[in-house]
Amino acid sequence: DLVTITNDASATGAAIYYTLNGDDPTTTISETCFLYDEPFSINETTTVKAIAKHADDDNASVVTSKTFTKVTAYDNIAALVTGAANGYVQLTNALVTYKNGSNAYLEDESGAILLQGCAGDLAVGDKITGLMNVTNYTTYYSLPEIKEFSLVEGYTKSTGNTVTPTEVTLEELLSDFNSYLSRYVIIRGATVTSAFSSKNCIIQQGDKSITLRDQNSSATLTSDKNDLVNVIANVIIYNTTKQIAVYEQSQIVVKTLTDNAISGVNRS
């Protein structure tokens, strides 16, 4: 990254001298003290110290210093989940796919993760590019979660983007389950083989089945055995039980003879 040094108003036109080794700068150029004439790059954690001096003034300014800390960032969300530890993660067009209260799901091309209790003012359809500083990464019964984070200055966010669930079959989902964790998906034409009981029901597609988890905290979702349904959900896990989570009744669509498709859905 490039470092720029500027004078304040009282020192306009003064020469700037700086060091990178921790020593206080002087007005004598040397192997460790440099005359500033253009922005320069640093690649390691470095303390930059600088002074300013007018040619017609015997006194230089006080020393000003700033430490720049080198940050190693996870390349994407999947790398963060693999690393399973706090740190910086590079977000590239990371999309908020679903939000429920202060919880939200965030996904990029590599993977997805749940923002648990810390989604703040993020909204469904927000798309973020920039560094995220994850200060509380955890797993809850095997599900990766971020419980505290901040977005680093310089990030960009666009709003109102369309959210389209990834279409997947149960066979595809279960054969590569970890890569779908927390992703926003749609499963079409599944049969309810066990109606909701204790917040869980079972859906089946071909010879594959999965638990459908009712995550609505203020109401009880319903399903009827043998219904043919399209389900829009986020992929979760509880210990070793593979599940998909729904938060509202509208995410379970009973198919009719004229129901041929479900398009992108925004929920907040």
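Positions are given from 1, in the same order as the sequence printed here.
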Path from I203 to Y184 over hydrophobic side-chain contacts below 4.5 Å:
yes
Does I51 reach the side chain of V62, with side-chain heavy atoms less than 4.5 Å apart?
no
I'd like to know if the side chain of Q204 reaches the main chain of T191, judged simply by a donor and an acceptor atom lying under 3.5 Å from each other, with no hydrogens or angles considered.
no
Can you confirm whether or not the ring centre of F40 sits under 6.0 Å from the ring centre of Y18?
yes
Show the nearest heavy-atom pair for residues A14 and N7, with the distance to one decimal.
O-ND2, 3.0 Å
State whether the side chain of N100 and the backbone N or O of N103 hold a donor-acceptor pair below 3.5 Å, judged by distance alone.
no
Mind checking whether V185 and V235 have side chains closer than 4.5 Å, heavy atoms only?
yes
Is the number of heavy atoms from other residues, nucleotides or ligands under 6.0 Å of F177 CZ greater than 12?
yes
Check the side chains of T241 and Q243 for a donor-acceptor pair under 3.5 angstrom, ignoring hydrogens and angles.
no
Are the side chains of T28 and C33 in contact, using a 4.5 Å heavy-atom criterion?
no
What pair of heavy atoms forms the shortest contact from T97 to V124, and how long is it?
O-CG1, 3.9 Å
Closest heavy-atom contact between A195 and C201?
C-CB, 3.5 Å
Rounded to the nearest 0.5 Å, what separation is found between the NZ atom of K242 and the NZ atom of K208?
9.5 Å
Test of understanding: clusters of I, L, V, M, F, W, Y form through side-chain heavy atoms closer than 4.5 Å, transitively. Do V163 and V246 belong to the same one?
yes
For residues F68 and I16: do they belong to one hydrophobic cluster (side chain heavy atoms under 4.5 Å, members Ile, Leu, Val, Met, Phe, Trp, Tyr)?
yes
Examine distances only and state if a side-chain atom of D108 and a backbone atom of G111 form a donor-acceptor pair shorter than 3.5 Å.
yes
Is it true that Y98 and E107 share a donor-acceptor pair across their side chains at a distance under 3.5 Å?
no
Taking the side chain from D126 and the backbone from A123, do they hold a donor-acceptor pair closer than 3.5 Å?
yes
Are a donor atom and an acceptor atom from the side chains of D214 and N216 found within less than 3.5 Å of each other?
no
Taking atom CG of L95 and atom OG1 of T164, what is their separation to the nearest 0.5 Å?
9.0 Å
Side-chain donor/acceptor of E167 to backbone N/O of T169, under 3.5 Å
no
Inspect the surroundings of NZ in K66 and state if more than 12 heavy atoms from other residues, nucleotides or ligands are less than 6.0 Å away.
no
More than 12 non-hydrogen atoms from neighbouring residues, nucleotides or ligands closer than 6.0 Å to CD on E109, yes or no?
no
What's the verdict on side-chain contact (heavy atoms from CB on, under 4.5 Å) for I186 and V168, showing C-alpha distance, side-chain angles and the deciding distance?
CA-CA 6 Å; I186 179 170; V168 63; over 6 Å; no
With respect to K49, which candidate in T19, L20, T64 satisfies the side chain to side chain contact (heavy atoms under 4.5 Å, CB included) definition?
T19
Does S175 reach the main-chain N or O of E171 with its side chain, forming a donor-acceptor pair under 3.5 Å?
yes
Does one side chain, of N161 or S158, offer a donor that lies under 3.5 Å from an acceptor on the other?
yes
Pairs where residues 203-244 contributes a residue and the test ring-ring contact (aromatic ring centres under 6.0 Å, His included) is met, not counting sequence neighbours:
Y141-Y238
Check whether any side-chain heavy atom of L131 lies under 4.5 Å from a side-chain heavy atom of Q90, and answer yes or no.
yes
Say whether, by atom type as modelled, one donor and one acceptor occur between the side chain of N230 and the main chain of G189 under 3.5 angstrom.
yes
For the hydrophobic clusters of this structure (ILVMFWY residues joined by side-chain heavy atoms under 4.5 Å, transitively), does one cluster hold both Y155 and Y88?
no
Mind checking whether T4 and T6 have side chains closer than 4.5 Å, heavy atoms only?
yes
Mark yes or no for whether E145, through its side chain, and L115, through its backbone, hold a donor-acceptor pair below 3.5 Å.
no
For the residue pair I244 and L173, establish whether any side-chain heavy-atom pair is separated by less than 4.5 Å.
yes
By salt bridge (charged side-chain N to carboxylate O under 4.0 Å, His left out), which residues pair with R213, not counting sequence neighbours?
none
In the single-linkage hydrophobic clustering (I, L, V, M, F, W, Y; side-chain heavy atoms under 4.5 Å), do Y17 and Y36 co-cluster?
no
How far apart are the C-alpha atoms of T135 and F149, what are their side-chain angles, what is the distance that settles it, and do they pass the side-chain contact (heavy atoms from CB on, under 4.5 Å) test?
CA-CA 5 Å; T135 51; F149 74 92; 5.6 Å; no
Please answer whether the main-chain N or O of D57 pairs with a side-chain N or O of K53 as donor and acceptor at a distance below 3.5 Å.
yes
The single option from L122, L91, L114 that satisfies side chain to side chain contact (heavy atoms under 4.5 Å, CB included) with L106 is L91
Minimum heavy-atom separation for P144 to T139, with atom names?
CA-CG2, 4.0 Å
Any chance you could measure L221, atom CG, to Y247, atom OH, to the nearest 0.5 Å?
11.0 Å
Separation between OG of S209 and CD1 of I202, rounded to the nearest 0.5 Å
6.0 Å
Check against side-chain contact (heavy atoms from CB on, under 4.5 Å), L80 and I113
CA-CA 9 Å; L80 171 68; I113 196 164; 4.2 Å; yes
Roughly how far, to the nearest 0.5 Å, is CG of D227 from CD1 of I252?
9.5 Å
Heavy-atom side-chain proximity of N200 to L212 below 4.5 angstrom
no
So, taking the atom named CD1 in I29 and the one named CG in L35, what distance separates them when rounded to the nearest 0.5 Å?
4.5 Å
Check whether the side chains of T138 and N136 place a donor and an acceptor atom closer than 3.5 Å, and report yes or no.
no
Where is the tightest heavy-atom contact between S110 and A78, given as atom of each residue plus distance?
OG-N, 3.0 Å
Minimum heavy-atom distance between T27 and A60, given as atom pair plus value
CG2-CB, 4.4 Å
Above 12 or not: heavy atoms from other molecules or residues under 6.0 Å from NZ of K147?
no
Would a distance-only check, ignoring hydrogens and angles, find a side-chain to backbone donor-acceptor pair under 3.5 Å from S223 to F196?
yes
Between E44 and K70, does any NZ, NE, NH1 or NH2 come within less than 4.0 Å of an OD or OE carboxylate oxygen?
yes
Counting C-beta onward and ignoring hydrogens, is there a side-chain heavy-atom pair between N234 and S182 closer than 4.5 Å?
no
Could you walk me through whether V81 and Y137 pass side-chain contact (heavy atoms from CB on, under 4.5 Å), step by step?
CA-CA 9 Å; V81 173; Y137 175 96; 4.0 Å; yes
